[in-house]
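Heads up, the thing below is written out as structure tokens.
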Amino acid sequence: MTIFSIFPRLPNALMIILFLTTLAYAYPVTNSEFLSWDDGLYLTQNPYIQTSQGWYYIWIENRMPNPYPLTFTVLWLEYLLFGLNSVLFHSVNLLFHLLNIVLFWFVLKKWNLGNTVQKIAVLVYALHPVQVQTVMWISELKNLLSATFYWISFLSFLHYFENKNNKLKKISYALGLVAFILSLCAKSMTVTLPVSLILWIWIFQRSFFWKYFRTFLLLWLISLFFGVMTLESETRYYLPLHKTILNRTLLDRVQDTSASLWFYVWKFFYPVNLIFIYPKYPLMQPNTLASCFGILILLSLIVFFFYRARVGSNSTRLIAFSFLNYGVIAFPILGFFSTSFMNFSNVSDHYQYHPLPFLILAITLLIQELWKKPFDPILQRILYGSFVAGLMSLTFQQAQVWTTSVRLWTYANEHHPKNSDILMNLGLVYFHQGENNRAEQYLQEAVLAGPEKGTAWHNLGFFYSNRKQVAKAIFCYEKALEATPPCYYAMVPLGEAHFFSHEIEEAKEFFFKAIQFDLQPELAHFYLAKIFRNDYAEATIHLNEVFRLAPWWVPAYFLAYEIEMEHQKTEQARLILTKVREIVSEHDLQQYLKEYQHRTLNSSKSHSEKK
């Protein structure tokens, strides 16, 4: 037995499942666009990705919105290969989902569960409708990548525990460790892998983790590092959390966790009306009944601890492990910890992608244990066929929802009306499509639905700013900063609005605040260089900061060229043009120089007429 024996040849049943999955997603994938939520932040409006130096900003400068360097590296490579071809980006997501299906098959194959259990579990994992959000959302490449390396790591560590050959154990451990780190570099939700492995040892080897203390020590340190880094990112980069989220008591957190877990289990059995932003606790409010669900799981764990030695069936142990591991993997996103997404909702379908396979396995095994009576072969085929057709139909319909931003947010608005975040995103989609009347209508409705939400005011201000309605824009941006929690991203656009209104002192105030908060600092320095363009030393300081933060940004070089020319520093101006030629085409550069000369000439004429 070698390290590669965990990867058997693909059987016919798996090939059929892969084909059915591809068939269900093929049409939606080939007719999908980039979505308005996060796809812009991650890719289409991320200048750090759209440059040949992207690797530097990902791994060295850490200019990405999340500490997931592997995910952004893959997105960067995709951009270099495909440009902004949304179909190819969606196809890569689908390919990773197919790869995860194969890896899940390998895990079940290693456990010798029998063909029926294995085929049904993998089929449900492949085609369950709650998987659609992860597969059809380009930004959730992080989920898919992370799951891929999670399965590789999990398989490797299982091989490590079972193998008695020291050389192969070392190879398995090294492979598992590297895959675990890569999984965390894609998305840190897999930090609970060490707990899953301890659970496995505890249930199947009937021993505690101190037997493998040295094995787990490094894993725990790595998990702790990535967990702390992710929590720090949540508070540093994303919108500040509402005080009601941050100031929850321990009982509140337990109730939130229990309610979210109950919701996810319910959506597994009833996968309809799947929307992007759910009402908070749509099934129940966090109360004593909700917390009882979590307490029931805890009591089950205690009972199993004392009686696990009496459980001799491998299938029963695997059911217990799968149920418990489902909770272990899901725990970081159930609401016990405060995360930025809790500003919008406590739950989201894409959080199901990692833990769902173990819930599927537990339920499939449980049904097999409880239902021993054989089916009539013809009836069995009819049931299987109907089950597969139903799954494919639900998945196809849900995938259709995710093909365009208008469909996504319209569907969400139909099932969750008067939600500020949904209305806001629907308004922004119409704005980018040039339908300004509808955009203004939805953005105003978003403010009315959530007058305390800073993001709603910020986006309404963005709309008015682009419509050159500066006074309205300033009012909205100020409201955004006064909201609870405040939307600090309104600082730079508020400074811009004051700048274009010739209110220079007010503009400077907000630009300096933005730099202090590290929010769009390159843009704030750019405008400060404009403000101080008559003060050569001060303007140069700000431009150097822009070049440090965004050395690819052409407008900053053009501004630097103009300032050098205005201060009669022709040699420095010539050097700047040399640098610009490395970034833009000669045609674009000559076009800019003609426009600059034209502006300079008009400015000179205007100055002479005033005299």
Polar contact flag, side-chain donor to acceptor under 3.5 angstrom, W59-T73: yes
Side-chain touch S32/M136, heavy atoms, less than 4.5 angstrom: yes
Test item: S188 side-chain N/O and G227 main-chain N/O as donor-acceptor pair under 3.5 Å: no
Donor-acceptor contact present, side-chain S260 to main-chain L334, <3.5 Å: yes
Closest non-hydrogen atom pair, K142 against K187: O-CB, 3.6 Å
Test item: S172 and E162 side chains (from C-beta on) under 4.5 Å apart, heavy atoms: no
Y384 vs I120 side-chain heavy atoms within contact, under 4.5 Å: yes
Whether S420 side chain and A446 backbone form a donor-acceptor pair below 3.5 Å: yes
Contact summary for A179 and I152, nearest pair of heavy atoms: CB-CG2, 3.9 Å
Point-to-point distance, once rounded to the nearest 0.5 Å, from CG of L14 to CG of L108: 10.5 Å
Test item: W55 side-chain N/O and I60 main-chain N/O as donor-acceptor pair under 3.5 Å: no
A412 backbone acceptor or donor facing H416 side chain under 3.5 Å: no
Backbone of Y430 reached by a side-chain donor or acceptor of E435 within 3.5 Å: no
Ring centre gap for F216 and W220 strictly below 6.0 Å: no
Stepwise side-chain contact (heavy atoms from CB on, under 4.5 Å) test for I277 and W409: CA-CA 9 Å; I277 297 178; W409 295 114; 4.1 Å; yes
Considering all heavy atoms, the nearest S153-F180 contact: OG-CB, 3.5 Å
OG1-CG distance between T30 and L94, expressed to the nearest 0.5 angstrom: 10.5 Å
Considering all heavy atoms, the nearest Q50-L43 contact: NE2-O, 2.8 Å
Exam field: side chain Q131 to backbone Y125, donor-acceptor pair closer than 3.5 Å: yes
N273 and H415 side chains, donor-acceptor separation under 3.5 Å: yes
More than 12 heavy atoms from other groups under 6.0 Å of CZ on F82: yes
Value rounded to 0.5 Å, distance of CG in N325 from CZ in F154: 6.0 Å
Distance (rounded to the nearest 0.5 Å) between Q398 CD and S393 OG: 11.5 Å
N143 and F96, any side-chain heavy atoms less than 4.5 Å apart: no
Non-hydrogen side-chain atoms of N93 and F89 separated by less than 4.5 Å: no
Donor-acceptor contact present, side-chain T404 to main-chain R407, <3.5 Å: yes
Separation of L426 CG from D421 CG (nearest 0.5 Å): 12.5 Å
Donor-acceptor side-chain pairing of S146 and H354 below 3.5 angstrom: yes
Aromatic ring proximity, centroids under 6.0 angstrom, W553 and F526: yes
Separation of F431 CZ from F462 CZ (nearest 0.5 Å): 4.5 Å
Y353 versus H97, side-chain donor and acceptor atoms under 3.5 Å: yes
Any side-chain heavy-atom pair of F19 and T22 under 4.5 Å: no
K267 vs Y278, side-chain contact (heavy atoms from CB on, under 4.5 Å): CA-CA, chis, key distance, verdict: CA-CA 12 Å; K267 277 300 175 185; Y278 290 101; 4.0 Å; yes
Ring centers of W37, F276 separated by less than 6.0 Å: yes
side-chain contact (heavy atoms from CB on, under 4.5 Å) between V124 and F387, worked out: CA-CA 10 Å; V124 175; F387 182 63; 3.6 Å; yes
Which atom of S405 lies closest to which atom of V429, heavy atoms considered: CB-CG2, 3.5 Å
Candidate list Y150, W111, F358, W151, test ring-ring contact (aromatic ring centres under 6.0 Å, His included), partner F104, passing option: W151
Side-chain touch V92/L144, heavy atoms, less than 4.5 angstrom: no
Pair Y442-N413, side-chain donor/acceptor within less than 3.5 Å: no
Side-chain heavy-atom pair I138, L35 within 4.5 angstrom cut-off: no
Shortest non-hydrogen separation from A439 to F463 and the atoms involved: CB-CE1, 4.1 Å
Derivation of the side-chain contact (heavy atoms from CB on, under 4.5 Å) call for Y42 and I49: CA-CA 8 Å; Y42 278 40; I49 290 290; over 6 Å; no
Q352 side-chain N/O to Y264 backbone N/O, donor-acceptor pair under 3.5 Å: yes
